[in-house]
Colleague: 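Dropping the structure in here first, questions after.
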Amino acid sequence: LLVGEVVVGDSSRRIAGAVRLRVADLTDQPDRCWEQVDPADPDFYLPGDLEMRGQRWADSAPAFCAFNAVLPPGGPSCGQEPRFDAHPNWFGGIFSAASLHPGGAYVVMVDGAVKFVTETINADTADRQRSSVYQGNPNNPPGSESPYGIWGAMSTRAGRESFGEL
């Protein structure tokens with residue numbers, strides 16, 4: 001997985017173009033990002049602090065211009081609670097690929113192939129704890145296979161996962 005779509009925000013609470021800021025414990029509980037979605041209208045976040053994606057792409061913070069393969073395309077995006085008085089849109093988090101195409105997003109593979117990845121892609125590995133791969137994590141130390149299913153396997157190289165044909 002080389003690049004993919006990210007929607008430019010329109011100053012609404014729409015999931016496709018916004019990031020929920022200041023969500024605690026995302027590193028080891030990425031599914032907390034789903035808790036930010038409005039159950040009455042699952043295309044929108046609950047009211048709260050948001051950052052619009054794509055509008056300040058030259059700032060290079062992931063909240064503006066990047067995604068990671070943790071939650072499937074079209075999933076919510078959440079910025080981690082900032083530490084050390086950092087601005088909340090410059091800290092890490094869960095940033096989902098998104099598009100205005102119904103049901104998924106286009107990505108470009110390293111070999112140049114363009115693929116449409118659906119929002120139903122497997123993004124969970126049942127026998128692995130869904131937490132980030134980071135130094136000091138006993139469940140998912142650096143070099144581990146992704147705990148985020150086929151979607152996560154597409155984004156790694158050090159784990160040497162095989163994800164087959166899309």
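Computed from heavy atoms alone, side chains included, the values below leave out hydrogens, waters and symmetry copies.
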Colleague: Taking L26 as the starting point, is it possible to reach V37 by hopping between hydrophobic residues whose side chains are less than 4.5 Å apart?
Modeller: yes

Colleague: Looking at side-chain heavy atoms only, is the closest gap between Y148 and S155 below 4.5 Å?
Modeller: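 When only atoms from C-beta onward are counted, S155 and Y148 do not touch, as no gap falls below 4.5 Å.
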
Colleague: Do any side-chain atoms of residues 101-109 form donor-acceptor pairs under 3.5 angstrom with protein atoms, and if so which ones, sequence neighbours left out?
Modeller:
from	atom 1	to	atom 2	distance (Å)
H101	NE2	E5	OE2	3.4

Colleague: Other hydrophobic cluster members with L100, side-chain heavy atoms of Ile/Leu/Val/Met/Phe/Trp/Tyr under 4.5 Å, chained?
Modeller: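 For the cluster that includes L100, the remaining residues are V7.
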
Colleague: Minimum heavy-atom separation for R53 to S77, with atom names?
Modeller: NH1-OG, 3.3 Å

Colleague: Which pairs, with at least one residue in residues 42-75 and sequence neighbours excluded, count as a disulfide (SG to SG under 2.5 Å)?
Modeller: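 Non-adjacent pairs meeting disulfide (SG to SG under 2.5 Å): zero.
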
Colleague: Applying side chain to side chain contact (heavy atoms under 4.5 Å, CB included), name anything that partners L2, two or more places apart in sequence or on another chain.
Modeller: V110

Colleague: Quick one: list whatever passes side chain to side chain contact (heavy atoms under 4.5 Å, CB included) with L71, sequence neighbours left out.
Modeller: D31, C33, W34, P76, I94, S96, R130

Colleague: Taking it one step at a time, do W151 and L1 satisfy side-chain contact (heavy atoms from CB on, under 4.5 Å)?
Modeller: CA-CA 9 Å; W151 180 232; L1 180 62; 4.1 Å; yes

Colleague: Which heavy atom of L50 sits nearest a heavy atom of S12, and at what distance?
Modeller: CD1-O, 3.9 Å

Colleague: Would you check if V8 and M52 make a side-chain contact, meaning some heavy-atom pair closer than 4.5 Å?
Modeller: no

Colleague: Any donor and acceptor pair, going by atom type alone, linking the side chain of E51 with main-chain N or O of L21 inside 3.5 Å?
Modeller: no

Colleague: Can you name the side chain to side chain contact (heavy atoms under 4.5 Å, CB included) partners of D43, sequence neighbours left out?
Modeller: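 Applying side chain to side chain contact (heavy atoms under 4.5 Å, CB included) to D43 gives D41.
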
Colleague: Looking only at non-hydrogen atoms, find the nearest pair between P72 and I121 and report the distance.
Modeller: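 Where P72 meets I121 most closely, the heavy atoms are CB-CG2, 4.2 Å.
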
Colleague: Does F44 sit in a hydrophobic cluster with other residues, and if so which ones, taking ILVMFWY side chains as linked at heavy-atom separations under 4.5 Å, directly or through other members?
Modeller: none

Colleague: For residues A97 and F67, report the shortest heavy-atom separation together with the two atoms involved.
Modeller: N-CB, 3.6 Å

Colleague: Distance-only, no hydrogens or angles: does the Y45 side chain make a donor-acceptor pair with backbone N or O of A18 under 3.5 Å?
Modeller: yes

Colleague: Please report the closest heavy-atom contact between L46 and P39, naming both atoms and the distance.
Modeller: CD2-CD, 4.0 Å

Colleague: Who are the side chain to side chain contact (heavy atoms under 4.5 Å, CB included) partners of Q29, not counting sequence neighbours?
Modeller: D25, R32

Colleague: Give me the atom names and distance for the closest heavy-atom approach of T156 to S146.
Modeller: CG2-CB, 4.0 Å

Colleague: Check whether D59 reaches the backbone of A61 with its side chain - one donor and one acceptor, N or O, closer than 3.5 Å.
Modeller: no

